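We name chains A, B, ... by the order of the sequence lines, and we start the count at 1 in each one. Fair warning: this is a prediction, and the values are worked out from it, not measured in the lab.
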Amino acid sequence: MSTRNTPVRWVRENLFSSVGNSAQTVVFSLIILGLLRWLLGQAFAEESNWESVATNLRLLMAYNYPTGQFVRIWVSAGALFFAVGLSFATWNVRPMIGFRRLLTTLVGFGCFALICGLVTPGTTPSVVRTSMFAIGGVLVVGGLAAGRLVPRAGERNVGFGRLLVAVSGLAMAVVWLVPFGKHSFIDGAIAVERGVTIASSTKMPWTVLFAVLVSTFFAGRAIAVRIRKQLKIALIAWWVVGPAFVLFLVLRDPAFDWSRIWSVDVPIAAAFALGGGAVLYVLARPGREDLARVVGALLVGFALLHWVAGFAGWYGMLQKVRISFVLLAIAVLLVPTFAGERRARLRLSGGWIGLMVVLHWLITAINTPSTLVISAPPFIGGLVLTITIAYYVMLASFPLGVLLSLARTSKLPIFRVLSTGFVEVVRGVPLITVLFFFSIMLPLFLPRGMGISDLAAVFTGYTLFSAAYMAENLRGGLQSVRRGQFDASDALGLTTVQRTVFITLPQALRVAIPNLVGQAIATFKETSLIAIVGGFDILRIANSTIPNQPDFLGQKRPALLFVALVYFVFTYSMSKSAQSLEKKLEAGRVR
Amino acid sequence: MTSTTHATSLAADSQRRPPFWRNTTLIKWTVQVAVLFTVLAAFWFLITQARSNLSARGIPVGYDWFDDPANFQLGEGIQTVDSPERRLTMSRALWVGMANTFRVAIAGIIFATIIGVIVGVSRLSKNYVARRASSVYVEMLRNVPILVQIILWLAILGSIGALTPDTGPIKGWVIVSQKGISIPRVFLADGFYQFLSLFLLLSVGIWFVRRRLVARQERLGGNQHVGSITTALVVAALVVSWFANAPMAFLRGVFASLESAWGSIPQVVVQVGLAALAVGVGALRVRAFLQSRRTPAGLAKLTDDDWFRLLFIALVAIVAAFIVLRVWPGLSSWLINSGRDFFGVLSDKFGDGRGTRPLDAMRPTLSTGRFVNYGTTGLTMTVFYASLFFGLVFYTSAFIAEVVRGGILAVPTGQGEAAAALGLSRGQALRKVILPQAFRVIMPPLGNQYLNLTKNTSLGIAVGFSEIVQVGQTVYNKNSQTLAVFSIYMMFFLACSLTISSIVNYINRRLAIVER
Amino acid sequence: MSIADQSLTTELASRNDVIVCRGVKKWFGDFQALRGVDLTVKDREVLVVLGPSGSGKSTLIRCINRLEAHQEGSIVVDGVELTNDLRNIEKIRSEVGMVFQQFNLFPHLTVLDNITLAPVWVRKKPKADALAKAMELLERVGIPEQAAKFPGQLSGGQQQRVAIARALAMEPKIMLFDEPTSALDPEMIKEVLDVMKELANSGMTMIVVTHEMGFAREVADRLVFMESGEIVEVGTPDQFFSAPREERTKKFLSQIL
């Protein structure tokens, strides 16, 4: 009996084993080919002008960011790539991909490209069809040949580093060698120079970015062997604070009024950082728990007084002072829980000082006017806006979601009712109504004289919305924590806060990670709704800005298909990595 | 035992109260009440702030704009224009929006389910092409935001040929064009409600007859033709109520008198009734709580925590009663008015010399380059409806396919093998053995997807489809009543989610009982 | 009654009372789990609680460190009465160690972190001291080589010994054992019982709920027999096993021996 796995045999067994099977093969093939042809027809219909996308790439990516300052976008992207490369190395993200599987994927892609080339309707430009055939042919032939020529292809694995180098190299080769043509859009007029590679003002930065990505990955892998733990802490800090740094300092370029900063902002920040740090250090000495509670309760009253006074108009005060007082009150209330010997106290004070410095610096930066000269007000737009909003919504809704889920699973009835009510109401209404509500009502809810930008209002609404879903996802994790864990931590004398921070949350988070990643993907996709409430995200630009340009009047389909492709690439890669993460978690869970 | 008396004497001074700042019960409740108070205060502050901000712009907050004329036209729906015989008021416009939402949501749920089940099952097919094709379908559709898909559909559909009297594919019957798709339609004609009420009436009779028949069957055994007699009776009832439903016109009078009776309920009665309801519910909860603390040996001693709970329940009940009585009399008048209107609408459906034909059919009608919007004409799917509908159906079906696949995979493989061992074909095994079991796993996430689809209908605003959110936006752009419109949004969508989740829960319960 | 018994009784009488329960009653809904329990435990005494399942043994010891709040009666532990006083609860929890049937180790922390968590954050000990103490305890329970592992990588007996070490790390005056060997495979029971015997010999005050009769006979100073939320009989092991006074005790012993 022959066990040889020939293609003919495979086809017979898998596609035409019975009448029903053959019918399925034929029907589904026809459907797929028909759909593919239809989709390609939509993309390359006679009236579709893909130059509308090529010319407007800058608009789609970064909206109206001033051309002269564009280096800021590249620096930000560089910071992002830097952190990504380092994070990949530090968290040891290296899925080993089987060499044969990689080849199969490539050959599959090649076949797909060939089929596309075959079914493209007559309206397709011949260069597109030719390149489809060329790519398909190279992939299929190359893949099959590599499978034959490389010895022991079945056992080999391709490391993540090599894959990264290969993908980056390929991307660079395409950018440097393929004659896409130079497209530029200057003062409302398009200038297209065909037959050359893309403009070097695009090529160069991308080359640097990929170089940064690859080199930080390998550098990080070398360093992480020694100081993985410190690197992890530093990177987490960067992922929390760094994006704000990029957004408000690099991209927004605030025009700092240094004399005011030295005379007002720095003294306030220093007072809170050092004073608060000292208070925490003193109160955190073991045995002063009661004192800390009393001081904490007094501080809560004191901090709330400032808010009430502000709303009632008794006396004015800088908002950041109010916020700092509230934070200080919370920190002092938490002191008895995290008090300890000298090192623990120093860490507590150090953490507080760091928090104050970052917070005050951020508030100052946000409140300082930007120096950018922009034709339309929001200084971010396009894909940059999409990514920024999605990232910040996840980041900001996380603590809120944790609090809500804790309240909902708590034994205290009022907390439970409040949290359940909020979560269920928010989950019951569509996101778009929440966004409308906040963009229209939030300015009305604020006291007179206090303003908020449209984007900030929408962001607030989106964060609250996301927090409700986050709470629901975390609740599943919290409920999976066994009762015995509570008994054990109570029997050891841990306080409720300690139990939550050290025992319950870490276990719950581990269970909830797959759901949270799913939520991150959903959040990213739903960021497109910003287009409806007035933000200039990539979808809005494709749907209303480009079709209104005189050169591309009514050109919607190419840009929209491009947007769909961009979203697809992001979400598909996210969901694929989520799947591998889930597998890894499942394998790592020792029962 | 001798020690019991000793113990009880000690028990009196046992639960000594610690100083208040270390009393865990007291701390717990103080913190809770403080947080509740802060939340309420924040709400109160925001509302007053919004009120004062709005009144500074001369916009009063309330619901008394419901009967104002709309002064705008709706894109589509059961009533789109304001005409002298049929006023399009603000509230009427909102109703039309809700109806449009339902139109998309219900059709979308049906089609998304059909496609989703087919694709989900194909993903587990033995056939390579079917498996690949459906997984490509799922990945492509669920990884592109639904809003992008909807807008893309609009761009694609908008590029189809223009609407002329000769537009095909089948001229006059099936029309596909830039403006939408139109096919012949069956619709509810004048006599439908009379037909329905007569049929329901006859059905009650048939039910009694059937019960007698079943009893006879059990008594006599053999074949007493229960099924065929029932079917014949149902057919007869259908025929009778189709042709002879005119007598049911008397219901008009009944509903009209109910309308006036309901409308004349004094507001005070409703207010007191609602207040009594609040207090009654509170009292019942207190009773239930005490019941749970009751032991065979009498009422257990209530702890401080229990006292706080009782106090809190009582407080909430009293506050609710106070709100109904003093703060918000509008609630009661709203209940009276909507009850009255409900009966009014019902009475309009009967009598008054109308035809008795319950159903009617019609071909698409064109009037100068556009479809006749609604009424006795063909079933038209406007391009706006179509793009929203296609977007919703395809996007949701990808998720439903995943749900179905997960459900089938959750059925132990032994079940499929057992079915195969019994000689069932793969299709039979799927239909008779695996899907019924998978259904229980599928139901809750499926309900979630239905909910998502319903909420996503709100994206119709991006393509200008007149669903509730879009109509609401038009309304508040006209009269600036944002708070009121948003509260209507909230009520509407919460009602939708409650309905869907209660249906899902009901089916789940049924399945669980069947299993036992 | 033998002379040894008598001398033990007199000796016990001279020691301090560490736990005093008076008329403790506890309901779960309308089920009464404890129907007025009176019990006194002396310093350095090993008390074994026996009884059929559902007799309220576990509830009793869970009330002693207030994992459950009793509703009537009083419990005084080491001179501190258990009420809803925040400070008293904190104090008692850190002075009463507890070992559970299901081990209840923290699965996301290593063995060392499991043991040092409470000393660092509750007792506010310096981390280095806590670590040294933890290693010492691991030596004592015989598994120092497992320090860096996670609970999921250990056998049941090893997990239970880690749990004992974790409770001991708080340097408690009293240890409560809630059926510590019931979830273990037979071959692992001995290693846990050996640790407990060693602990008893070192003079720890212990209340042990168990079904291990051999352990009870060998280690216990007194035995308590509970049924349906009441204490039926209290006695020394010899008297209890050879000449039970109550009819219910006899019936129970005949069922299990």
Can you name the closest pair of heavy atoms from N104(C) and A488(A) and give their distance? O-CB, 3.4 Å
Rounded to the nearest 0.5 Å, the CZ atom of R285(A) sits from the NZ atom of K124(C) at a distance of 13.5 Å
Could you tell me whether the side chain of Q498(A) and the main chain of W121(C) form a donor-acceptor pair under 3.5 Å? yes
Under 4.5 Å to a heavy atom of chain C? For R293(A) that would be side chain
Answer with side chain, backbone, both or neither: which region of F338(A) has an atom nearer than 4.5 Å to a non-hydrogen atom of chain C? both
Search all heavy atoms of Q507(A) against all heavy atoms of P107(C) and return the closest pair with its distance. NE2-CD, 3.3 Å
Hey, which of P119(C), A169(C), P126(C), A167(C) has the most heavy atom pairs under 4.5 Å with chain A? P126(C)
Is the shortest side-chain heavy-atom distance between L492(A) and M170(C) below 4.5 Å? yes
In this structure, CZ of F502(A) is separated from CG of L109(C) (nearest 0.5 Å) by 9.5 Å
Going by heavy atoms in the side chains, are L494(A) and L117(C) under 4.5 Å from each other? yes
Contacting region of L105(C) [heavy-atom separation from chain A under 4.5 Å]: backbone
Scored by heavy-atom pairs under 4.5 Å with chain A, the best of N65(C), L67(C), V120(C) is L67(C)
Looking at R66(C) and D490(A), does any basic side-chain N land under 4.0 Å from a carboxylate oxygen? no
For K91(C), is it the side chain, the backbone, both, or neither that has a heavy atom closer than 4.5 Å to a heavy atom of chain A? neither
R123(C) atom CZ, neighbour heavy-atom count above 12 within 6.0 Å: yes
Does any part of the side chain of R62(C), heavy atoms only, come nearer than 4.5 Å to the side chain of D487(A), both counted from C-beta? yes
Side chain, backbone, both or neither of S489(A) within contact of chain C (heavy atoms, under 4.5 Å): both
Hey, what do you get for CD1 (I503(A)) to CG (N114(C)), rounding to the nearest 0.5 Å? 7.5 Å
Under 4.5 Å from a heavy atom of chain A, the part of F106(C) involved: both
Option in K125(C), K127(C), R166(C) with maximal non-hydrogen atom pairs under 4.5 Å from chain A: R166(C)
Test your reading of the model: is there a side-chain donor-acceptor pair from H108(C) to the backbone of T504(A), 3.5 Å cut-off? no
